[in-house]
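The next block holds one structure in the form of structure tokens; read it before the comments.
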Amino acid sequence: MSFGTGKIWMNGKFVDWKDATIHIATHVIHYGSGVFEGARCYSTPKGSACFRLEPHMRRLMESAKIYRMEYPLDLQPWFNVVLETIRINEMKACYIRPLLFRGYKELGVNPLSIPVDAAVMVWDWGAYLGSAALEEGVDVKVSSWTRMAPNTLPAMAKSTANYANSALIKMEAVVDGYSEGIALDVNGNLSEGSGQNLFLVRDGQILTPPVGSSILGGITRDSIITLAREAGYTVTETVLPREALYTADEVFFVGTAAEVTPVRSVDKIKVGAGKPGSVTKALQTAFFKVINGEVPDRHNWLTYVYPQEASLRERPKAVATGGR
Ligand SMILES: Cc1ncc(COP(=O)(O)O)c(C=O)c1O
């Protein structure tokens, strides 16, 4: 299904895309009182599979907890809703957007009495920064906007409100002719892109800003850290100054939408040789092999969607080699 077609799950029912509407007096529209997720389902040789559905849905529930939003679904029922939404739309591969939001009752900043509504949408969404970006890398700038200061809007919650900040970063970058912006935190240290986490490579070591630098604790970030350590790289989560971008050998973004996207210049200064570096390429390849099901799923990161595809996953029967 492309964007604008198919069915959307809303509060327990599937409705046609065109009917998944809300009233103009809905709280979330006025006060940004929503939390959401962005996950992906990939088509693999063993059938369609969601990548790391559990941490995504756990993060949704944690974002809701931070904002005192209660919704009567636990983790397992949430998995079922997501899987059912993919199945009913007969998607092989898709982007998945679960959303919890303060609904319609009355207006006023205090959301505590406002009901919490939920929806899950799926649609086709290719490479977020374009497929050329995955191959060639992107040109980015350091944003004049910083990420939210700690204890203002919680960066660890994936709240709709945070994306007002992301939109400022993204708009400035695009208007200035760049693909993306990198935001600093309130102390002037590196934070993240408008919708991606950031990695640097220097002398073969991998560095990434910590959760205390106003980043979203990305699930792709966690996956890349895991894959990099398994491949023998040292990965350090550490506070990084802005200028580390200009002296890095390699810089790359990671995220559900952006996957693993090399950065080839920052503020018109070439990163390394101005093209994707070997560590970035190695990790990009490793990541794509996992999400595309081309290597064994050693971490149980894939949740298969269609029961009828189970035969694709059956192991060949062991050949009897004689009894004892
Ligand atoms: C601000 C921000 N940072 C980082 C990420 C990457 O997170 P994930 O890998 O969980 O998609 C996202 C995407 O959701 C994001 O919006």
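Note that ligands are numbered from 1 as they come in the structure, with each ligand's atoms numbered from 1 the same way.
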Does Trp125 have its ring centroid less than 6.0 Å away from the ring centroid of Phe3?
no

Any idea which protein heavy atom is nearest atom 11 (O) of ligand 1, and the distance to it?
Thr256 OG1, 2.6 Å

Those atoms of ligand 1 less than 4.0 Å from some heavy atom in Arg147
1 (C)

Can you confirm, on distance only, whether ligand 1 has an N/O atom lying under 3.5 Å from any N/O atom belonging to His56?
no

Please say whether the positively charged group of Lys281, taken as NZ for Lys or CZ for Arg, lies over the ring of Phe252, i.e. under 6.0 angstrom from the six-membered ring centre and within 45 degrees of the axis.
no

Short N or O distance, Leu216 and ligand 1, threshold 3.5 Å exclusive
no

Hey, looking at atom 14 (O) of ligand 1, which of Gln196, Lys158, Arg40 has the closest heavy atom?
Lys158

What's the shortest distance from atom 9 (O) of ligand 1 to any protein heavy atom, and which residue and atom give it?
Thr220 OG1, 2.5 Å

Any non-hydrogen side-chain atom of Asn11 less than 4.5 Å from a side-chain atom of Tyr71?
yes

Just to confirm my output: which protein heavy-atom neighbour is closest to atom 16 (O) of ligand 1, and how far is it?
Tyr163 OH, 2.4 Å

Only one of Lys275, Glu136, Lys270 clears side chain to side chain contact (heavy atoms under 4.5 Å, CB included) with Arg264; which?
Glu136

Does some non-hydrogen atom of Glu37 fall short of 4.0 Å from ligand 1?
no

Between the side chains of Tyr31 and Asn110, is a donor N or O closer than 3.5 angstrom to an acceptor N or O?
no

Looking only at atom types and distance, does a side-chain atom of Glu250 sit under 3.5 Å from a main-chain N or O of Val279, one as donor and one as acceptor?
yes

Considering only heavy atoms, does Ala257 approach ligand 1 within less than 4.0 Å through its side chain, its backbone, both, or neither?
neither

Give the single entry among Ser214, Gly195, Gly218, Gly255 that approaches atom 12 (C) of ligand 1 most closely by any heavy atom.
Gly195

Compare all side-chain heavy atoms of Arg59 with those of Leu216 and state whether any distance is below 4.5 angstrom.
yes

Considering only non-hydrogen protein atoms, determine which one is nearest to atom 3 (N) of ligand 1 and report residue, atom name and distance to 0.1 Å.
Glu192 OE1, 2.6 Å

Please check if the distance between the ring centroids of Phe51 and Phe287 is under 6.0 Å.
yes

Atom indices of ligand 1, in the order listed, that fall short of 4.0 Å to a heavy atom of Ser194:
1 (C)

